[in-house]
Amino acid sequence: MKFVEQAMVFPCAGDLLPGIVALPQPSPNTHGPARGSNRAALVVPGNRGSDPERAVTPDPSARCGVLIVVGGPQYRVGSHRQFLLLARRLAAEGYPTMRFDYRGMGDASGEMRGFEEVSADIGAALDAFQLACPSLRRIVLWGLCDAASAALLYVQKTRDQRVVGLALLNPWVRSETSLAQTHIKHYYGQRLLQRDFWSKLLSGQMDMVKSVRDLVQTARVAHRQGPADERPARSFQDRMADGWRRFSGKILLILSGEDYTAREFLEFSGANLAWSGLIEATKVHRIDLPDADHTFSSLALRSAVEELTVGWLDTLSGGGDDNAMAATPAADSPSSGQEESLA
C-alpha cells in the first residue's frame with residue numbers, strides 16, 4: 001500500500017505545534033488514486049497557511065491510527081530517523097500515523113517542558129490527528145523511553161477513550177535510588193567478572209581507593225530508602241503505575257537487553273508494590289530483544305521493532321494472531337511506501 005504525508009500546524013494552549021501525518025492511500029479500484037503528491041498541507045484550526053485545494057482524502061477503511069509520542073529532548077524525526085521511518089512503515093501497512101513536536105521542541109513555539117507536563121500536547125495532537133483522518137475512532141500511543149512514561153501519564157490523567165492501545169518501549173522510571181540499584185546489580189557485578197578489571201587492579205593502573213569510594217557511595221544511595229512504601233505518594237512512577245493498571249486497552253511492551261533504562265524499569269517494577277502484577281497482566285504483550293540498545297539503532301533492530309509493532313496492531317484490528325508475534329521478526333523488511341524526505 002502507498003501512503004501520503006501531510007504537514008500541519010495545530011494549536012495547544014496558545015502555542016502552535018507542527019505535525020506530520022502519514023496516511024495510507026487506497027488502491028485505484030477502491031477509493032480513488034493510488035498515490036497523490038507526497039507533500040500536502042492540512043487545514044487545522046490555527047493553521048492559516050494550509051491550502052484546502054492540496055488536502056488529501058484519507059482512506060476511510062483505516063483500522064486504527066498511531067500517534068508517536070516523542071521522547072526528549074528530541075523532535076519528531078527521532079534518533080537516526082526512527083520516528084519518520086516508523087511512521088512511513090506503519091502507513092504503508094494501512095495504519096495512519098502522526099508524529100509531532102511538543103511545545104518548546106523542534107519547530108514548535110512555547111517553552112520547553114519535561115515529559116511529566118506534556119499531556120496537553122498529546123491531547124492537542126490527538127484532536128489534530130482526528131481532523132486529519134476523520135474516520136479514526138481508535139488510536140494507539142507509541143512511545144520510547146520517557147515518551148512511554150508520558151503516554152502512561154496521559155491515560156492516567158485523562159482516561160481518553162480514543163486511546164485503545166499503548167506501545168511502550170524501554171519505559172523511563174528513573175530516580176537516584178533506582179539508578180544506583182541497577183548499577184549495583186548489573187554494572188559492578190559484571191565488572192568483577194571481567195579480565196581487564198583484574199588486570200588493571202593487579203598492575204596498579206586502577207585507583208582502588210576511588211573505586212571503593214564510588215561503590216560505597218552507590219550502595220548508600222541504593223539503600224537510602226525502601227523501593228516501595230517510602231516514595232512520595234504521587235510520584236510520576238506511581239502515576240504511571242496507576243495509568244497502567246486502570247488502562248482498559250492492550251499494551252505492547254518492548255524491552256532492550258543492552259539498555260540500563262530497560263533493566264532499571266524491570267528492577268523498579270519488580271520491587272515496587274504499586275507495580276505488582278502489572279507486567280504480567282493478560283492485556284500486556286511483552287517482547288524482549290536481548291541484543292537491542294536503547295534506541296534500536298541498527299537497521300535490523302529498527303526493522304524488528306517495526307515488525308513487532310505492525311504484528312501487534314494487526315491483533316488489535318482483528319487481523320492477526322498473538323502467537324505469530326512470538327516468532328523472530330525479519331531483520332530487514334523495507335517499506336512499500338515512498339522514501340522522499342519530509343521531516
Side-chain angles (χ1 to χ4, degrees), residues 1-6 19-36 38 40 56-69 76-78 80-100 129-130 132-144 162-169 249-252 254 285 287 289 296 299-342:
M1 181 182 291
K2 301 298 182 180
F3 65 87
V4 67
E5 291 180 303
Q6 294 184 167
I20 304 290
V21 179
L23 293 171
Q25 287 297 283
S27 59
N29 59 355
T30 54
H31 303 291
R35 63 185 291 181
N38 75 314
V56 176
T57 302
D59 182 356
S61 66
R63 291 165 285 183
C64 69
V66 178
L67 180 67
I68 297 176
V69 181
R76 62 188 180 274
V77 172
H80 44 82
R81 304 174 81 222
Q82 180 182 31
F83 304 148
L84 179 150
L85 296 171
L86 174 65
R88 291 176 175 177
R89 172 64 194 282
L90 296 182
E93 296 288 345
Y95 295 101
T97 304
M98 176 177 172
R99 50 198 172 86
F100 69 103
F129 195 9
Q130 286 194 302
C133 193
S135 62
L136 280 184
R137 295 294 181 270
R138 305 164 70 243
I139 300 175
V140 167
L141 301 183
W142 190 103
L144 167 67
R162 295 173 294 183
V163 180
V164 299
L166 299 173
L168 310 175
L169 294 80
K250 300 293 186 179
I251 296 176
L252 172 65
I254 300 179
H285 189 89
I287 297 289
L289 297 179
F296 310 92
L299 172 61
L301 291 172
R302 174 176 61 81
S303 298
V305 168
E306 292 175 1
E307 291 289 340
L308 291 169
T309 302
V310 169
W312 178 72
L313 288 171
D314 286 344
T315 67
L316 291 185
S317 302
D321 181 0
D322 283 326
N323 294 327
M325 293 184 61
T328 302
D332 185 9
S333 179
S335 168
S336 61
Q338 307 166 50
E339 284 299 324
E340 292 88 354
S341 175
L342 181 61

K.L.:
Could you tell me if the side chain of Phe100 sits less than 4.5 Å from the side chain of Leu67, heavy atoms only?
P.N.:
yes
K.L.:
Could you check whether any side-chain heavy atom of Tyr95 comes within less than 4.5 Å of a side-chain heavy atom of Cys64, counting everything from C-beta outward?
P.N.:
yes
K.L.:
Working to the nearest 0.5 Å, report the span between CD of Glu93 and CG of Leu313.
P.N.:
9.5 Å
K.L.:
Indicate yes or no: at least one non-hydrogen side-chain atom of Cys133 is less than 4.5 angstrom from one of Val21.
P.N.:
no
K.L.:
Ala167 and Val140: which non-hydrogen atoms are nearest, and at how many Å?
P.N.:
N-CG1, 4.2 Å
K.L.:
Are Glu306 and Arg88 ion-paired here, with the side-chain N under 4.0 Å from a carboxylate O?
P.N.:
no
K.L.:
Of all the heavy-atom pairs spanning Ala91 and Met1, show the shortest one and how long it is.
P.N.:
O-SD, 4.1 Å
K.L.:
Considering non-hydrogen atoms only, spot the tightest contact between Phe296 and Leu169 and give its length.
P.N.:
CE1-CD2, 3.5 Å
K.L.:
Less than 4.5 Å apart, side chain to side chain, heavy atoms only: is that true for Leu86 and Thr97?
P.N.:
no
K.L.:
Specify the closest pair of heavy atoms between Leu308 and Leu252, including all atoms of both residues, with the distance to one decimal.
P.N.:
O-CD2, 4.2 Å
K.L.:
How many angstroms lie between CZ in Arg162 and CZ in Arg138, if you round to the nearest 0.5 Å?
P.N.:
14.5 Å
K.L.:
With respect to Arg99, which candidate in Val66, Val69, Leu84 satisfies the side-chain contact (heavy atoms from CB on, under 4.5 Å) definition?
P.N.:
Leu84
K.L.:
Any side-chain to backbone donor/acceptor pair from Arg302 onto His80? Under 3.5 Å, distance only.
P.N.:
no
K.L.:
So which heavy atom on Leu136 is nearest to which on Gln130, and how close?
P.N.:
O-NE2, 3.0 Å
K.L.:
According to side chain to side chain donor-acceptor pair (under 3.5 Å), who are the partners of Gln82, at least two apart in sequence or on a separate chain?
P.N.:
none
K.L.:
Can you measure from CE (Met98) to CH2 (Trp142) and round to the nearest 0.5 angstrom?
P.N.:
16.0 Å
K.L.:
Using every non-hydrogen atom in the two residues, find where Trp312 and His285 come nearest and quote the distance to one decimal.
P.N.:
CD1-CB, 4.4 Å
